[in-house]
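Values reported hereafter were calculated over all heavy atoms of this structure, with side chains retained and with hydrogens, waters and symmetry mates removed.
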Amino acid sequence: MTALPAVYWYLWSGMLINRLGGFAVLYLSLYLTDVRHLSISAAGLVTSLAGAGGMAGVLLGGTLADRWGRRSTLLACHAGTAVALLLLGLAPWLPVVAATTLLVGAGQAMAGPAFVAAIVDTVPEADRTRAFNLQFWAFNLGTAMASLLAGVLAQAGYTLLFVLDAAATTLTLAVLALRLPETRPTAAAAPVPCAARAGLPTVLRDRIFLAFVGLSLLSALVTAQNSTILPLAMHRHGLPPSAYGAVAAFAAGLIVLGQLFVPRLIGGRRKGPVLAVAAALLGCGIALLAPAGGAIGGYLLAALVWTTGSMLAAPPNAAVVAELAPAALRARYQAVFYLVFPAAAFLAPAFGGWSLEHLGDGHWLAAAAIAALAAVGHLAASGPRERRRAAADRAVVADGSGAGSRTQTLDC
């Protein structure tokens, strides 16, 4: 097993620090209902603004990372996010809260494509699944610790959560500014195929890739219920904010313990069936929330099942995007893929709040049906994707130099 590059570990460390202080988003919906006295539906709509901002931010981040550079994009979005988080926590008027929620969503989403593109730039293909797995592990280690701390800190006041989140974002900015070089491939190292020169429109014409993105959006819509609607549902059943913190920390802790074993479990297996099983487990876990009521044990059991699905899905998701993207459009492909998360963050609370208010615990069964649809879709879509990968591999062999691109099928 080869050692991962030092640049990867700087990226990994920055992500971990940021997640350790990622308090604000976890409790935004409760902040809006408890402090701002909004209804569940209204809180869902304001929370969805983070997703709306994220949809714009992720596309901007991908475009800037390909044109401007990974390092510059990461520094700019972390600086902007730190300021927006402080404004969000200290804003005295609801319209300002709504506007800064939009800005926080945009700033946080901008980082995703640049982070992953820098990892793909830096880590050899043979080591990427391990690198993505460790990235996911760091993300959830930070989330686990943040969930435990935030549940306690929220009792002292929600403003403190926003201030500490801004401080962690600033610390991440310092790590990246001091240690991260620019990783974007030069034109000589990554020749631009003529189809790639069109930029984002080329990505949006890649039907095989867009089918994968659509299925990922279905799963993301279901997963987003855990961070946006679940705290409201538990609150309705009389459970305190610390109970949601315990469930979130339990789920993230499971990933911290179990994610290191995932590469061995899924190694050598086809990505499509693995993603189908992951979506099915996600749906089963969400369905178990329907009968949970006020029993914390029911939520922990549901978290065990849905978290297993999340663990299985993360490495193949990242690997599929890396396989399909030309080097010259690497960050833009990542941006379109990452678009599913702010899109889900926008749609899930907006419709989930209405669904919970009108369907009650039946909301979780509806969400489980969406996950089941994603599972079936992954099985159907895996064939065309694997045939494209096989054709690209044959093109690399035919090229004879070993420098061919697995995305040559996108060339003119």
Side-chain angles (χ1 to χ4, degrees), residues 12-36 43 47 50 78 81-91 97 100-101 104-105 107-108 111 115 134-176 223-235 239-260 296-297 299-300 302-304 306-307 310-311 341 345:
W12 184 92
S13 300
M15 183 178 298
L16 176 61
I17 293 168
N18 210 4
R19 292 313 305 166
L20 282 170
F23 304 128
V25 174
L26 286 172
Y27 284 87
L28 180 58
S29 58
L30 290 178
Y31 165 72
L32 293 170
T33 54
D34 287 357
V35 177
R36 298 292 177 171
T47 303
H78 279 85
T81 301
V83 174
L85 281 166
L86 284 175
L87 290 174
L88 178 57
L90 300 174
V97 170
T100 51
T101 297
V104 168
Q108 290 180 333
F115 258 123
L134 288 170
Q135 174 202 1
F136 190 58
W137 182 82
F139 182 92
N140 284 280
L141 175 62
T143 300
M145 297 301 296
S147 300
L148 287 172
L149 292 171
V152 175
L153 293 172
Q155 307 296 329
Y158 288 100
T159 300
L160 181 61
L161 300 181
F162 295 100
V163 172
L164 292 177
D165 200 340
T169 304
T170 302
L171 183 55
T172 301
L173 171 65
V175 170
L176 297 176
T223 302
Q225 306 300 314
N226 300 332
S227 59
T228 58
I229 303 303
L230 182 58
L232 297 176
M234 295 178 71
H235 188 65
L239 294 168
S242 58
Y244 170 69
V247 172
F250 174 72
L254 285 174
I255 294 176
V256 171
L257 294 174
Q259 194 68 38
L260 298 177
I296 189 67
Y299 294 98
L300 294 176
L304 173 63
W306 87 57
T307 300
S310 297
M311 286 192 289
F341 302 108

Asks: Under the rule for side-chain contact (heavy atoms from CB on, under 4.5 Å), what residues qualify as partners of Val163, not counting sequence neighbours?
Replies: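 Result, side-chain contact (heavy atoms from CB on, under 4.5 Å) vs Val163: Leu86, Thr159.
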Asks: Between CG of Leu16 and CG of Leu134, what distance do you get to the nearest 0.5 Å?
Replies: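 Rounded to the nearest 0.5 Å, the CG-CG separation comes out at 11.5 Å.
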Asks: Locate the shortest heavy-atom distance separating Tyr244 from Asn226; write the atom from each residue and the value.
Replies: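 Reported closest heavy-atom pair: OH-O, 3.0 Å.
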Asks: For Thr170 and Ala82, work out which heavy atoms get closest and say how close.
Replies: OG1-CB, 3.5 Å
Asks: Phe162: which residues meet the ring pair (Phe, Tyr, Trp, His ring centres under 6.0 Å) condition with it, sequence neighbours left out?
Replies: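 With neighbours one apart ignored, the set is Tyr31.
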Asks: Just how far is it from atom CG of Leu161 to atom CG of Leu149, taken to the nearest 0.5 Å?
Replies: 10.0 Å
Asks: Without placing hydrogens or testing angles, list every side-chain donor-acceptor pair under 3.5 Å for residues 245-257, not counting sequence neighbours.
Replies:
none

Asks: Using side-chain contact (heavy atoms from CB on, under 4.5 Å) as the criterion, list what pairs up with Thr33, not counting sequence neighbours.
Replies: Leu30, Ala43, Leu232
Asks: What pair of heavy atoms forms the shortest contact from His78 to Asn18, and how long is it?
Replies: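 Scanning both residues completely, I find the closest heavy atoms to be NE2-ND2, 3.4 Å.
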Asks: Which pair of non-hydrogen atoms, one from Ala146 and one from Leu20, has the smallest distance, and what is that distance?
Replies: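 Scanning both residues, the minimum pair turns out to be CB-O, 3.6 Å.
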Asks: So, using side chain to side chain donor-acceptor pair (under 3.5 Å) as the criterion, who are the partners of Thr47 when residues are at least two apart?
Replies: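 None.
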Asks: Considering non-hydrogen atoms only, spot the tightest contact between Val97 and Leu88 and give its length.
Replies: O-CD1, 3.5 Å
Asks: Out of Leu176, Thr169, Val175, which residue meets the side chain to side chain contact (heavy atoms under 4.5 Å, CB included) rule with Thr172?
Replies: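 Option passing the side chain to side chain contact (heavy atoms under 4.5 Å, CB included) with Thr172: Leu176.
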Asks: Quick one: pull up CE in Met15 and CG in Leu141 and give me the separation to the nearest 0.5 Å.
Replies: 12.5 Å
Asks: Under a 3.5 Å distance rule, please check whether Thr307 uses its side chain to pair with a backbone N or O of Leu304 as donor and acceptor.
Replies: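 Not at all, since once roles are kept as given, no pair shorter than 3.5 Å links the two residues.
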Asks: What distance separates Thr101 OG1 from Leu32 CG, expressed to the nearest 0.5 Å?
Replies: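 Output value for this atom pair is 6.5 Å.
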Asks: Distance from Leu171 atom CG to Ile17 atom CD1, nearest 0.5 Å?
Replies: 4.5 Å
Asks: Only counting residues at least two apart or in another chain, list the ones meeting side chain to side chain donor-acceptor pair (under 3.5 Å) with Gln135.
Replies: none
Asks: List in chain and number order the residues that pass side-chain contact (heavy atoms from CB on, under 4.5 Å) with Ala167, two or more places apart in sequence or in another chain; answer none if no residue qualifies.
Replies: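 Testing Ala167 for side-chain contact (heavy atoms from CB on, under 4.5 Å), a comparison that skips the adjacent residues, returns none.
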Asks: Which atom pair, heavy atoms only, marks the closest approach of Gly258 to Met311?
Replies: C-SD, 3.7 Å
Asks: Here's a test for you: under side chain to side chain contact (heavy atoms under 4.5 Å, CB included), which of Leu28, Asp165, Leu85, Val83 qualifies with Val104?
Replies: Leu85
Asks: Go through the structure and list residues passing side-chain contact (heavy atoms from CB on, under 4.5 Å) with Ala243, not counting sequence neighbours.
Replies: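 Testing Ala243 for side-chain contact (heavy atoms from CB on, under 4.5 Å), a comparison that skips the adjacent residues, returns Met234, Leu239, Pro240, Ile296.
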